[in-house]
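Remarks on the structure that follows.
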Amino acid sequence: MKNVRIVLLLALAVCLQVVHAQTLSVHDIMAEPSIAGMRVDGERLSPDGKQVIYLWNPEGKMPRSLYIQSTSGGAATKLLSPGDLPRPTRQSERENKLNYGVDMRDQFVRDRENQLGNFEWSPDSKKLLFTHGGDMYVLTLGEAKPKRFTRTQSPEFGARFLDNERILFSQGGNAFVLNTVDSTLVQLTRESNQQNFISVGNIVPNDNGTMIAYVVTDASKQRQLIVPNYLPEYVSGGGPRRGWTEQKLFVTPADGSRENPFEIKLPKSEGVGGFRRMVWTADGQSLIVDRGDKDTKRRQLFFVNGPGTKSEQIILITEETDDKWQAPLSSIFEPNPKNPGELFFGSEKDGYNHLYLAKLTNTPPELQGGREISAQGGTSYSTNVSITQLTKGKWQVEWAKWVPNGDHIIYSSTEGNPAEREFFDLSTTNGQKKGLAWSQSGMRTNPQMNDGGEPMLLFSFSQWNRPDDLQVQHACGNCEAINFPKTLTETVPAEFSRRAWSVPKFIDIPSRDGKSIKSKIYLPAGHNAKQKYPMVIFVHGAGYLQNTINGWNNYYREFMFNDLLTRKGYVVLDIDYRGSAGYGREWRTDVYDFLGGKDYDDQIDAIDYMVKKYSVDQKHIGAYGGSYGGFMAGMLVLRAPERIAAAAALRPVFDWKNYYAANPSYTAQRLGFPDKNPEAYKRSSPISYADKLERPLLILHGLSDDNVHVQDSMQMVEKLIRLGKTQYFEAMLYPSENHGFVRPESWTDEYERILAFFEKHLK
């Protein structure tokens, strides 16, 4: 019997080795449920820091159910599933005997309809507010069923608790407050006019629920981006409106006691921009407003003391101008929870995003010049603001929050390693900092910290071959006991963890201007310096994004596809080219005035390095990527035919003036305005180089893309046809897909085409 058991175990071990040595197919990689499992979504830490909720399905497919788990450990409990609630009514569909074509509402669509979402905790951590089918529900913990509070034709949005009894939400474009005890409903805003494209948004209540601030946006000068839908019986055309807007800032009492709100009239802005963020001070008496203008080049941070009162003060905390564009990370700021006259904010003024402490001082009564004190009982402040830099170094802060006692800040940064993220505890009284304990290197992202009770830190942890799971940790750098993070969720299938993935090698590649390009490469097993290898370059998208990380991200499919390529004998190169996130202001803005300038040079320098150092065959190099990665793949194949043998461009930007129409802020930041800087747009647009195409180009695009409109690919195809370049290009369109593909069949079709394309042209 013992011998039989040994034989069986050996057979099982052999089978496992065979399975783990097998090369996954594209279908395997793109399948749903994913072989990597399903990540939790919508996680929320309770205000007291004792519980976490999240959405998940252990089977790895939609729809997700709601789970709750204690931060002290233990198993998760399923609270709610979509099937536990009344199914939202739908307009009855007439019988169609000709319905033999595309099923608009197949099982894939139905699984994604009417999902649970938008969960918010009550301040006392005893109730959960959420929406289902556009209606609002409240689930009291310990009770079997949630209570439905609305049954309306127009859906409710942005619902949150003002206190344990009142709910703030938007409907029909305006803001309302519902009292769940006496069922009274109060309308707070009236400015929304959907016919005239006037909207109310950025609704921010103060902590005690007495006041709200909001922005009124006039989008009447925007233009609609037409995105046709070719799948129904009759082709329909819709799409978002895009362009610049005009904005005004208002405050009003949350009890609806005023018919007319107070407008906060900040110094007049210059050029295009808008309100980036607003936060109330802890006492609810003042509003901190972050505004960008001067065509996205200037950032001003205002302290509005006693907004809407006779003693209203507007104090400029800081004003910074960047001749390229303002950093997104500089929008990090938060008032001290114990001192309303103190706040920290982020700035790239020394080249890297760091934290600065701003202190306002009270104005003595004898110096107030008879000025009436705020009707809210506020204090008058001096316009002289003391600012001290809290963090410094050639690394950047990416998230920060005060601990509840107001004398420490927990922040996340790249200071240990730009490929990873760590948390630090910083004292604002003596400047001392200490890293929070951890036992594994990796990416710690999407952090949350509660505002009351014992401070707990909730975040996602991942590594290059380990998908995200939730971890929790006491937000304390000086705890008496060792304070290691505790893993709450285990969502990664065992088979995925056991699989022997191709290990990326993290390297620094020198650039022509003396900088280092952070890169990762994948080498085929048994890589031999005496043998020549084909190479594929993966170009990450988004422009401002980082992919040379020891972590998991949205490119997990590409990670597995790159593994497939290495098993087929390819070297794979993945670099954080100029403009990528994580490396400071200069690296971020080096693409200014020429997209496809220094970022393109980085790709060329990396190619030359790989040819020299890793036995790459210069005649068999390909490139692929989506969005900005598709743009760069197009630039490479058009402008560097001596280095690129073939390129696949997914949902690519081929003409930046088109992207300016669809996303003007992103484009203006990097290239200015088309009418004022036409040469920059011309040299940055791949379509300008269409006549240079002499290597194979594969174009793939979703017809429903409302980010990079399919017109880019359509115009490039037309240009190439007119130039007689038919032999050099192929194109495939995906009628149901937006910018981010969803259906596994679409992912599979796309990447099987890419694989066949590379196998044909690179080997």
Side-chain angles (χ1 to χ4, degrees), residues 43 45-50 52 71-73 279 281-282 329-340 342-347 350 352-359 386-462 470-488 550-551 582:
E43 62 270 20
L45 179 65
S46 63
D48 61 10
K50 295 180 179 180
V52 176
T71 56
S72 62
V279 177
T281 55
L329 286 176
S330 66
S331 61
I332 295 173
F333 68 87
E334 185 178 349
N336 189 312
K338 297 297 183 182
N339 183 353
E342 185 174 282
L343 66 141
F344 69 71
F345 65 89
S347 170
D350 74 350
Y352 292 85
N353 194 66
H354 281 294
L355 298 180
Y356 294 77
L357 185 68
K359 293 184 178 181
S386 170
I387 296 178
T388 305
Q389 187 168 357
L390 295 175
T391 62
K392 192 172 185 179
K394 292 184 177 181
W395 45 269
Q396 65 186 32
V397 174
E398 299 199 338
W399 173 87
K401 188 173 177 60
W402 291 97
V403 295
N405 64 18
D407 60 6
H408 284 250
I409 296 171
I410 304 294
Y411 69 87
S412 168
S413 77
T414 62
E415 60 194 279
N417 181 347
E420 298 171 353
R421 298 295 183 272
E422 298 174 21
F423 294 110
F424 293 83
D425 183 312
L426 172 67
S427 169
T428 56
T429 56
N430 58 25
Q432 293 183 353
K433 71 176 180 181
K434 184 177 181 181
L436 271 63
W438 48 269
S439 57
Q440 295 176 296
S441 298
M443 288 292 288
R444 294 166 175 80
T445 56
N446 304 318
Q448 299 179 32
M449 195 165 75
N450 55 308
D451 293 317
E454 182 179 359
M456 300 293 290
L457 189 63
L458 174 72
F459 55 92
S460 296
F461 175 76
S462 68
L470 293 182
Q471 293 190 347
V472 69
Q473 185 173 18
H474 292 277
C476 171
N478 298 301
C479 296
E480 294 182 3
I482 297 178
N483 174 33
F484 286 116
K486 181 185 302 178
T487 299
L488 294 181
N550 178 20

Which pair of non-hydrogen atoms, one from [X] and one from [Y], has the smallest distance, and what is that distance?
{"X": "Pro485", "Y": "Ala437", "value": "CD-O, 3.3 Å"}
{"X": "Ala400", "Y": "Glu334", "value": "O-OE1, 3.8 Å"}
{"X": "Gly582", "Y": "Pro418", "value": "O-CB, 4.4 Å"}
{"X": "Gly452", "Y": "Pro404", "value": "N-CG, 4.4 Å"}
{"X": "Glu342", "Y": "Leu357", "value": "CG-CD1, 3.7 Å"}

Are [X] and [Y] side-chain neighbours, meaning at least one heavy-atom pair lies under 4.5 Å?
{"X": "Val52", "Y": "Ser46", "value": "no"}
{"X": "Leu343", "Y": "Thr281", "value": "no"}
{"X": "Asp48", "Y": "Asn450", "value": "no"}
{"X": "Val403", "Y": "Met449", "value": "yes"}
{"X": "Val279", "Y": "Pro335", "value": "yes"}
{"X": "Ser441", "Y": "Asn550", "value": "yes"}

What's the spacing between [X] [atom1] and [Y] [atom2] if we round to 0.5 Å?
{"X": "Glu415", "Y": "Lys433", "atom1": "CD", "atom2": "NZ", "value": "3.5 Å"}
{"X": "Asn336", "Y": "Asn405", "atom1": "CG", "atom2": "CG", "value": "8.5 Å"}
{"X": "Asn430", "Y": "Asp407", "atom1": "CG", "atom2": "CG", "value": "9.0 Å"}
{"X": "Gln473", "Y": "Phe461", "atom1": "CD", "atom2": "CZ", "value": "11.0 Å"}
{"X": "Met456", "Y": "Thr71", "atom1": "CE", "atom2": "OG1", "value": "4.0 Å"}
{"X": "Tyr411", "Y": "Ile332", "atom1": "OH", "atom2": "CD1", "value": "12.0 Å"}

Could you note down all residue pairs passing ring pair (Phe, Tyr, Trp, His ring centres under 6.0 Å) where residues 430-460 supplies at least one of them, sequence neighbours left out?
Phe423-Phe459
Given 3.5 Å as the limit, does a donor-acceptor pair link the side chain of Gln448 with the main chain of Glu43, or not?
yes
Listed partners of [X] passing side chain to side chain donor-acceptor pair (under 3.5 Å), at least two apart:
{"X": "Gln471", "result": "Thr487"}
{"X": "Ser72", "result": "Ser70"}
{"X": "Thr414", "result": "none"}

May I have the step-by-step check of side chain to side chain contact (heavy atoms under 4.5 Å, CB included) for Val397 and Ser412, ending in yes or no?
CA-CA 6 Å; Val397 174; Ser412 168; over 6 Å; no
Test of understanding: with ring-ring contact (aromatic ring centres under 6.0 Å, His included), list the residues that count as partners of Tyr356, not counting sequence neighbours.
Phe345
Under 3.5 Å, is there a donor-acceptor pair linking the side chains of Gln389 and His354?
no
Kindly write out the residues that satisfy salt bridge (charged side-chain N to carboxylate O under 4.0 Å, His left out) with Glu398, not counting sequence neighbours, or none if the list is empty.
Arg421
Whether Phe344 and Trp402 hold their rings parallel, tilted or perpendicular, with breakpoints at 30° and 60°:
tilted
